[in-house]
Amino acid sequence: PEAGSRVAGLETGEYQVVEEIPAAVAAEMTGNKAIRIYDMMPWWMIVAWLNNSLAPTDNVDVRRAIQIAINQKEVMAFATQDFYRLNYSFQYPTSKWYPGPEPQPPLYNQGNPARARELLARAGQPVPKITLLASADFDVCTNAGIVVAEQLKAAGFVVDMRTVDH
């Protein structure tokens, strides 16, 4: 069920355990002695998958421009109500395959729309159109998509953001 239903079910005793309640609601619930709140970190790993076989993302400079344009802190702060830890890897720090905290990839978390526009010009794609799909099933995905779309627009992309059901 959606977040409001999960919270109501927990408060009424219909549910004994729920996952993923809004951070602001969790903070309010800490005063309820009948409910225990546990932080589950990390909870989300939000990734962007690109279709490298079709234009414009078949061009490596366009892909780099996307990466450089995105400010991960802004995305995660909005998407998770400030309940996040940045992680550049596909592995969590607790995994034996985690590559370590340093050095981070050079294009990670730059949030640099001017540099992204330079790469788009170099790629011969000054105003590329991309379609961004975000899951409508999870607020965190929709919210992340909203921020990413705005960051990409600031870098010169024409963004068609769509939410999709799973």
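By convention here, the first residue in the shown sequence is residue 1. Note: hydrogens, waters and symmetry copies are ignored here, and every other heavy atom, side chains too, is used.
Under the 4.5 Å side-chain criterion, counting only non-hydrogen atoms from C-beta, Ser135 is not in contact with Thr163. Considering only heavy atoms from C-beta on, Val7 stays 4.5 Å or farther from Val18 through its side chain. Asp58 is not listed as a side-chain neighbour of Asn52, based on a closest heavy-atom distance of 4.5 Å or more. Contact of the Val159 side chain with the Lys129 side chain is not registered, since no non-hydrogen atoms from C-beta on lie closer than 4.5 Å. Inter-residue side-chain proximity for Lys73 and Tyr84 is flagged as met; some heavy-atom pair is nearer than 4.5 Å.
When all heavy atoms are compared, the tightest approach of Val75 to Ile70 is CG2-CG2, 4.0 Å. Smallest separation of non-hydrogen atoms from Gln125 and Pro56: OE1-CB, 3.5 Å. Nearest heavy atom pair, residue Val17 against residue Leu10, reads N-CD1, 4.5 Å. Nearest heavy-atom pair, Tyr92 versus Asn87, reported as atom, atom and distance to 0.1 Å: CA-ND2, 3.9 Å.
Of the possible donor and acceptor atoms, one in the side chain of Gln110 sits under 3.5 Å from a partner among the backbone N and O of Pro106.
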side-chain hydrogen bond (donor to acceptor under 3.5 Å, both in side chains) evaluation trace for Ser53 with Asn51: CA-CA 6 Å; Ser53 65; Asn51 185 343; 2.6 Å; yes
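Residue pairs meeting the salt bridge (charged side-chain N to carboxylate O under 4.0 Å, His left out) criterion with at least one member in residues 2-11: none, sequence neighbours excluded.
Here CD of Glu150 is found 14.0 Å from CZ of Phe157. Values are rounded to the nearest 0.5 Å. To the nearest 0.5 Å, the span separating OG1 on Thr30 from CD1 on Ile37 amounts to 7.5 Å. Rounded to the nearest 0.5 Å, atoms CD1 (Ile35) and CD (Glu28) are 11.5 Å apart.
A salt bridge between Arg63 and Asp61 is absent, with no side-chain N of the basic residue lying under 4.0 Å from a carboxylate O of the acidic one.
Ring geometry for Trp49 against Phe90 counts as parallel: the plane angle stays under 30°, on a 0 to 90° scale with 60° as the upper cut.
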